[in-house]
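Side-chain atoms are counted along with the backbone in the values below, which use heavy atoms only and exclude waters and symmetry mates. Worth saying up front: this structure is predicted, and the values here are computed from it rather than measured.
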Amino acid sequence: MNAMNFIEPEERIALRKAVAELGAKYGHEYYARKARADEKTHELWDEAGRLGYLGVNIPEEYGGGGAGIADLAAVLEELAAAGSPLLLMVVSPAICGTVISRFGTEEQKKQWLPGIADGTKRMVFAITEPDAGSNSHKITTTAKRDGDGWVLSGRKVFISGVDEADAVLVVGRTEDAKTGKLKPALFILPTGTEGFEYTKIPMDIIAPENQFSLFLDDVKLPAEALVGEEDAAIAQLFAGLNPERIMGASFSLGIARYALAKAVGYANERKVWGAPIGTHQGLAHPLAEIKIELELAKLMTQKAASLYDSGDDFGAGESANMAKYAAAEVAIRATDQAVQTHGGNGLATEYGLGTLVTAVRLGRIAPVSREMVLNFVGQHSLGLPKSY
């Protein structure tokens with residue numbers, strides 16, 4: 001998709017169709033059953049990996065599809081639209097796969113990218129800290145030199161999927177950069193490393209993926225654990241954060257599509273006073289508004305992905321933030337209206353909507369809060385004074 005053509009390439013349209021068929025094979029009932037049993041959606045993940053869908057953005061020489069983040073985002077959107085979103089797609093192939101592809105050594109690429117591409121290896125991402133919140137410049141996880149290697153110390157919080165990951169891509173700062181502007185240093189930390197511990201955070205969200213607090217107590221890593229340069233500044237980090245926002249938007253878009261389809265189906269079938277309830281404008285108009293907002297959010301997401309894949313990191317940053325904001329808002333509205341359309345049935349397990357009520361709310365908070373998106377747009381898009 002380019003600036004003058006709003007039709008996706010035939011290859012991506014075919015990819016969407018194939019992924020939608022896979023998603024329908026599993027569906028929301030499978031997803032909810034796994035989540036309620038505190039089990040993982042490994043069957044779906046593994047099949048998606050075997051079919052090449054998880055690694056469409058990974059370079060071909062490392063077992064991927066050689067495409068871009070736009071195609072990976074399409075995969076996640078279609079799975080979410082089928083009711084089975086895979087949250088770890090946001091972190092393993094999108095963030096970690098992208099960062100290693102762009103900045104990793106040849107040895108790191110050979111070790112990790114083929115497994116990330118086919119789903120046999122999972123890598124998660126750790127940036128958030130309990131005392132830093134949205135202020136990444138206050139990260140205190142520190143890496144200090146230890147001969148030829150490194151020693152990491154610190155704590156992370158709300159890190160997804162650590163219990164099913166082979167490694168964590170940890171964002172810290174070097175010991176001599178503890179003050180001043182953030183100069184992130186990224187390290188690949190295998191989850192079995194001595195000194196690394198994690199504990200599950202109890203959550204009210206019904207999802208197969210769990211959230212964790214991480215504890216790094218003088219964790220020793222070899223020199224080759226460092227990804228890229230230790231003084232590569234912020235650009236190296238944002239190579240992963242822009243795809244994270246694009247994928248977060250696609251996650252929300254897919255859920256919004258799922259909820260809207262459920263609402264429209266019910267509004268066409270459910271009859272009261274001798275007519276389908278969809279004939280009443282009190283239900284029809286909100287659903288039509290959601291459709292419009294959904295299409296607008298999807299266009300911005302596709303724009304962000306197109307800019308990123310073309311190498312325009314700054315332009316992608318603005319669009320990715322806007323896309324993430326718009327998609328999160330429409331997902332919340334679509335889910336709420338779908339429940340309202342169903343009435344009491346909207347919260348009955350049979351209709352597959354209740355599990356989404358808290359899940360979609362996450363889109364306003366992560367991977368960046370709506371308030372920080374508005375700060376970004378106010379400062380960088382509108383030229384307003386910095387507010388924080």
Side-chain angles (χ1 to χ4, degrees), residues 34-42 45 85-92 94-96 99 121-144 150-175 177-178 182 184-221 225-227 237 240-241 244-245 247-248 251 355 358-372:
K34 289 287 186 177
R36 287 194 170 95
D38 197 22
E39 297 176 355
K40 309 302 180 186
T41 52
H42 287 330
W45 179 275
L86 294 177
L87 179 61
L88 289 193
M89 284 190 65
V90 178
V91 287
S92 192
I95 301 176
C96 301
V99 170
K121 289 184 179 179
R122 296 172 178 82
M123 186 180 293
V124 297
F125 182 67
I127 182 171
T128 307
E129 296 187 358
D131 295 325
S134 296
N135 188 358
S136 300
H137 295 276
K138 294 297 183 182
I139 284 175
T140 59
T141 295
T142 305
K144 61 181 180 181
W150 297 90
V151 175
L152 266 63
S153 298
R155 183 182 172 192
K156 300 291 184 180
V157 69
F158 292 114
I159 309 305
S160 304
V162 183
D163 56 336
E164 49 186 315
D166 299 280
V168 183
L169 184 62
V170 178
V171 181
R173 60 169 76 222
T174 54
E175 189 177 28
K178 283 196 268 187
L182 174 65
L186 279 65
F187 297 88
I188 298 175
L189 170 61
T191 50
T193 304
E194 184 178 355
F196 173 67
E197 297 181 0
Y198 54 91
T199 60
K200 182 178 175 181
I201 302 172
M203 303 286 289
D204 286 335
I205 297 174
I206 300 174
E209 301 87 7
N210 294 317
Q211 301 294 314
F212 293 88
S213 293
L214 312 187
F215 304 90
L216 291 78
D217 184 14
D218 290 336
V219 176
K220 292 186 177 182
L221 293 174
L226 177 70
V227 179
L237 175 59
L241 295 187
E244 179 186 42
R245 284 151 174 70
M247 292 292 284
F251 187 96
T355 53
T358 53
V360 291
R361 192 62 179 75
L362 183 63
R364 274 190 180 162
I365 303 168
V368 59
S369 72
R370 69 190 298 273
E371 288 76 19
M372 288 304 295

inquiry  = Could you walk me through whether Leu221 and Leu152 satisfy the side chain to side chain contact (heavy atoms under 4.5 Å, CB included) test, starting with their C-alpha distance in whole Å, then the side-chain angles of each, then the deciding distance to 0.1 Å, before giving a yes or no?
reply    = CA-CA 8 Å; Leu221 293 174; Leu152 266 63; 4.0 Å; yes
message = One pair to check against side chain to side chain contact (heavy atoms under 4.5 Å, CB included): Arg364 and Ser369. What are the steps and the verdict?
response = CA-CA 6 Å; Arg364 274 190 180 162; Ser369 72; over 6 Å; no
Derivation and outcome, side chain to side chain contact (heavy atoms under 4.5 Å, CB included), residues Trp150 and Phe187 = CA-CA 9 Å; Trp150 297 90; Phe187 297 88; 3.5 Å; yes
query = Can you check side chain to side chain contact (heavy atoms under 4.5 Å, CB included) on Leu214 and Val157, steps first, answer last?
reply = CA-CA 6 Å; Leu214 312 187; Val157 69; over 6 Å; no
task = Applying side chain to side chain donor-acceptor pair (under 3.5 Å), run through Ser153 and Asp218 and close with a yes or a no.
result = CA-CA 5 Å; Ser153 298; Asp218 290 336; 2.8 Å; yes
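Once rounded to the nearest 0.5 Å, the distance linking CZ of Arg173 with NZ of Lys138 reads 8.5 Å. One distance of note links OG1 of Thr41 with CG of Leu88; it measures 7.5 Å at 0.5 Å rounding. Note: Ile127 CD1 to Phe158 CZ = 15.0 Å, rounded to the nearest 0.5 Å. Asp217 contributes atom CG, which lies 12.5 Å from atom CZ of Phe196 (distance to the nearest 0.5 angstrom). The CZ atom of Arg361 sits 13.5 Å away from the CG atom of Asp204 when rounded to the nearest 0.5 Å. Atom CG of Leu87 and atom CE of Met247 lie 9.5 Å apart (nearest 0.5 Å).
Of all the heavy atoms in Leu226 and Ala185, the pair that sits closest is CD1-CB, 4.3 Å. Closest approach of Ser92 and Cys96 over heavy atoms only: O-CB, 3.3 Å. Minimum heavy-atom separation, Ile139 to Gly172: CG2-CA, 4.2 Å. The two residues Thr140 and Glu129 come nearest to each other via the heavy atoms N-OE1, 2.8 Å. For the residue pair Ala35 and Pro208, the shortest heavy atom distance occurs at CB-N, 3.7 Å. Smallest separation of non-hydrogen atoms from Ile206 and Thr358: N-OG1, 4.4 Å.
Here the side chains of Met123 and Val99 are not in contact, with every heavy-atom distance at 4.5 Å or above. Using a 4.5 Å heavy-atom cutoff, the side chains of Thr355 and Arg36 are in contact. The shortest side-chain heavy-atom distance between Met89 and Trp45 falls under the 4.5 Å cut-off. Within the 4.5 Å cutoff, side-chain heavy atoms of Phe125 are placed close to those of Leu241. Between Lys156 and Ser213 the shortest side-chain heavy-atom distance does not fall below 4.5 Å.
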Review item, side-chain donor-acceptor pairs of residues 161-171, under 3.5 Å, at least two apart:
| unit_1 | atom_1 | unit_2 | atom_2 | d |
| --- | --- | --- | --- | --- |
| Asp163 | OD2 | Lys40 | NZ | 2.8 |
| Asp163 | OD2 | Asn210 | ND2 | 3.3 |
| Asp166 | OD2 | Arg122 | N | 2.8 |

